[in-house]
Amino acid sequence: TVTVRDEQDGTVNIADIVDYDNDDNAADMLFVATASPASTTIESGVELHIWTLDTFDPNGTITTNVTGGDFHVSTSSVAYIDTGDSDIGRDVLVDTGATLNIDADTVVRGGDATTSGTGIIANTAGTPTLILHGTGQIGGGTGFITIYDLVIGNATATAVTTLSSSATSTTDIAVGTGSTFNVNSNLFIDGGDLTTAGTGIINYASGAPTVDIDNTGTLGGGTGGITF
C-alpha cells in the first residue's frame, strides 16, 4: 500500500512527493511521481490509500494498476481527481465520512465506485466523464453521489454496473454496447440523455427505484432492452 499522509497541514499534492519516490528507493517507495506534467503512477499490486482525516489534492494525474490498484479514500478523508485524466486500474473505495471529488476525466477499470456509510462521491469543478469497465457497483452507502457525466462500458471494455445508492448525473449517462446498467436506486439525470448503444441494456434487479430525467434528450437508442 502507498499511503498518502501529512502530519503538518494534512494536505498532500504530487509536488510534495516528487523528491523521494521509486527512483530513489525502489524497495520501499512503490510509486513514481513527476513534477511536470504532474503525475503519479502506483506499482502493480499496490493500493493508493488516503490517510484518515487527510486531504489528497494531486493537481495532476493518478494511475494505478489493474492488479491490486484500488484508490481508497479512508474514513473522514478528502481526495480529488483533478487537473488531468486519471486511470484507476482496479476500484474506487470511499469510506464513511470521506469525500471523493471527481473533477477530471477518470476511468475505473475494476468496475466499483463504492461508498460506505456517509461516504460521498461529488463533482465540484470541471466537466469530467467517469468511465466504468468491468463488473461492480456505484454507491452502497447513504451519502449522496453526484457524477458530471457517466459512461458504462465503451469501445475499450464492457461493464455491468449496479447503482446501489441514489445518484445524480449532472449531464448524461451512456451505456455502451454489450454493457448493462442495473438501476436499483433512485437516479436523477439533469442533462436529458440516458442512452444505449448496440446491445447495451438498462435494467433493474431489485427495489422500486425512480428514474427522473430532466431536459430534452434521448432514452435508449440501441437494440438492447430497457426496463424500469
Side-chain angles (χ1 to χ4, degrees), residues 1-6 11-52 54-75 77-95 98-116 119-123 126 128-140 145 147 150-154 156-161:
T1 299
V2 170
T3 300
V4 176
R5 182 178 185 181
D6 190 317
T11 300
V12 180
N13 56 42
I14 290 174
D16 294 325
I17 62 175
V18 295
D19 291 334
Y20 195 72
D21 62 3
N22 185 266
D23 294 335
D24 304 289
N25 182 345
D28 298 321
M29 299 292 103
L30 306 179
F31 67 93
V32 174
T34 58
S36 183
S39 67
T40 184
T41 299
I42 311 301
E43 289 187 3
S44 176
V46 178
E47 172 183 288
L48 177 59
H49 185 97
I50 314 307
W51 191 256
T52 298
D54 279 356
T55 297
F56 182 46
D57 188 2
N59 296 318
T61 63
I62 303 166
T63 302
T64 68
N65 196 271
V66 294
T67 302
D70 291 336
F71 183 32
H72 189 174
V73 188
S74 64
T75 303
S77 61
V78 176
Y80 294 83
I81 298 177
D82 58 10
T83 307
D85 298 354
S86 289
D87 192 325
I88 308 303
R90 195 173 176 185
D91 298 319
V92 168
L93 313 170
V94 183
D95 290 349
T99 300
L100 172 61
N101 299 295
I102 301 177
D103 295 337
D105 290 348
T106 303
V107 58
V108 178
R109 299 186 184 277
D112 279 325
T114 62
T115 57
S116 300
I120 292 169
I121 297 174
N123 165 235
T129 298
L130 173 63
I131 302 171
L132 298 178
H133 294 167
T135 299
Q137 70 172 355
I138 300 172
I145 295 171
I147 298 167
L150 177 63
V151 172
I152 297 169
N154 58 11
T156 303
T158 59
V160 177
T161 301

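- D21 places a side-chain N or O within donor-acceptor distance of the main-chain N or O of A33, the cut-off being under 3.5 Å.
- F56 contributes atom CZ, which lies 8.0 Å from atom CG of N13 (distance to the nearest 0.5 angstrom).
- The line from CD1 of I14 to OG1 of T61 is 6.0 Å long, rounded to the nearest 0.5 Å.
- A pairwise comparison of heavy atoms in E43 and M29 identifies OE2-O, 4.2 Å as the closest pair.
- Between N22 atom CG and T41 atom OG1 the span is 10.5 Å, to the nearest 0.5 Å.
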(request) Determine, stepwise, if the pair D57 / V78 fulfils side-chain contact (heavy atoms from CB on, under 4.5 Å). (result) CA-CA 8 Å; D57 188 2; V78 176; over 6 Å; no
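- Distance check: I138 CD1 to I145 CD1 gives 7.0 Å after rounding to the nearest 0.5 Å.
- Smallest separation of non-hydrogen atoms from S86 and G60: OG-O, 4.4 Å.
- Taking the side chain as every heavy atom from C-beta outward, L100 and I81 approach each other to under 4.5 Å.
- Separating the CD1 atom in I88 from the CG atom in D112 is a distance of 13.0 Å, to the nearest 0.5 Å.
- Residues A159 and I152 approach most closely at CB-CG2, 3.8 Å, considering heavy atoms.
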(request) Decide side-chain contact (heavy atoms from CB on, under 4.5 Å) for I121 and V94; before the verdict, give the C-alpha distance in whole Å, the side-chain angles of both, and the deciding distance to 0.1 Å. (result) CA-CA 8 Å; I121 297 174; V94 183; 4.1 Å; yes
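- With sequence neighbours excluded, the residues that form a side-chain contact (heavy atoms from CB on, under 4.5 Å) with D70 are E47, R90, D91, L93.
- Exactly one residue among T161, T156, T158, N154 makes a side-chain hydrogen bond (donor to acceptor under 3.5 Å, both in side chains) with H133. That residue is N154.
- Remark: side-chain polar atoms of D54 are paired, donor with acceptor, to backbone N or O of D6 under 3.5 angstrom.
- Taking V2 as the reference, L30, F31, I42, V46, L48 meet the side-chain contact (heavy atoms from CB on, under 4.5 Å) condition, with sequence neighbours excluded.
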(message) I'd like to know whether S39 forms a side chain to side chain donor-acceptor pair (under 3.5 Å) with T34, so could you lay out the CA-CA distance, the side-chain angles of the two residues, the decisive distance to 0.1 Å, and finally the verdict.
(response) CA-CA 5 Å; S39 67; T34 58; 2.7 Å; yes
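- In plain terms, the two heavy atoms of A79 and F71 that are nearest each other are CB-CZ, 3.9 Å.
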With a cut-off of 3.5 Å and sequence neighbours excluded, list every side-chain donor-acceptor pair involving residues 102-109.
residue : atom : partner : partner atom : Å
D103    : OD1  : N123    : ND2          : 3.2
D103    : OD1  : T124    : N            : 2.8
D103    : OD1  : T124    : OG1          : 3.3
D103    : OD1  : A125    : N            : 3.2
D103    : OD2  : T124    : OG1          : 2.6
D105    : OD1  : T129    : N            : 2.8
T106    : OG1  : A104    : O            : 2.9
R109    : NE   : D87     : OD1          : 2.9
R109    : NE   : D87     : OD2          : 3.1
R109    : NH2  : D87     : OD2          : 2.8

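- Of all heavy-atom pairs between I62 and P58, the closest is CD1-CG, 3.9 Å.
- Taking all atoms of both residues into account, the shortest heavy-atom contact from V73 to S77 is CG1-OG, 3.2 Å.
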(request) Check the pair Y80, T55 against side-chain contact (heavy atoms from CB on, under 4.5 Å), reporting the backbone distance first and the verdict last. (result) CA-CA 8 Å; Y80 294 83; T55 297; 4.1 Å; yes
